[in-house]
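We're numbering straight along the sequence, starting at 1. Heavy atoms only: backbone and side chains are in, while hydrogens, waters and symmetry mates are out.
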Amino acid sequence: SGLALSRSTLSPNGDGLDDTLGIAFTLSSSANVVVQIEQAGVLVATVVTESLPAGAAQLMWDGTTPSGPAAPGAYDAVVLVDGPFGRTRHAVSFTVSG
């Protein structure tokens, strides 16, 4: 629950300002979690895939993808949680600026 981002615009240009995106959420119980970045429903980067304990979690994404820095545009930070009722998907939108 409580999926939130540290900012609504990411600028991963290495100038030290808004270069990383904090992704925060709370798990009611321990679970396998995948945090990924999508653009128009297409996976562009995986932030983490691991089992996390119950409680608050905060992960950071540095704006990089397997092919380099994320291009300017609209994206979604997506948290997939494998819980007692199957997999749930939670997403929040943000923008990457040039």
- request: State the CD-OG distance between E38 and S93, to the nearest 0.5 angstrom.
  value: 10.0 Å

- prompt: Do V79 and V34 come within less than 4.5 Å of each other through their side chains, counting heavy atoms only?
  reply: no

field: For D18, salt bridge (charged side-chain N to carboxylate O under 4.0 Å, His left out) partners two or more places apart
entry: R7

- prompt: Can you name the nearest heavy-atom pair linking A24 to Q58, along with the distance?
  reply: CB-OE1, 3.7 Å

- prompt: Do V78 and H90 come close enough that some side-chain heavy atom pair is under 4.5 Å?
  reply: no

message: Can you list everything that forms a side chain to side chain donor-acceptor pair (under 3.5 Å) with T65? Sequence neighbours excluded, please.
response: S67

message: Please find the pair of heavy atoms, one from P66 and one from V44, that lie closest to each other, and give the distance.
response: CD-O, 3.2 Å

- prompt: Would you say S97 and P72 make side-chain contact, with heavy atoms under 4.5 Å?
  reply: no

query: Is any side-chain heavy atom of L80 closer than 4.5 Å to a side-chain heavy atom of Q36?
result: yes

field: D76 side chain near I37 side chain, heavy-atom distance below 4.5 Å
entry: no

- line: Smallest heavy-atom separation, V96 atom then P12 atom, equals CG1-CD, 3.8 Å

message: Test your reading of the model: is there a side-chain donor-acceptor pair from N32 to the backbone of D82, 3.5 Å cut-off?
response: no

message: Strictly distance-based, threshold 3.5 Å: is any side-chain N or O of S6 a donor or acceptor partner for the main-chain N or O of G22?
response: yes

- prompt: Side chains of T95 and Y75: closer than 4.5 Å at any heavy-atom pair?
  reply: no

- prompt: Under 4.5 Å between any side-chain heavy atoms of V81 and L52, yes or no?
  reply: no

message: I'd like to check W61 versus V35 (side-chain heavy atoms, cut-off strictly below 4.5 Å). Are they in contact?
response: no

- request: Please list, chain by chain and in numerical order, all residues satisfying side chain to side chain contact (heavy atoms under 4.5 Å, CB included) with S28, sequence neighbours excluded.
  value: none

- request: Can you measure from CG (L21) to CG (D62) and round to the nearest 0.5 angstrom?
  value: 10.5 Å

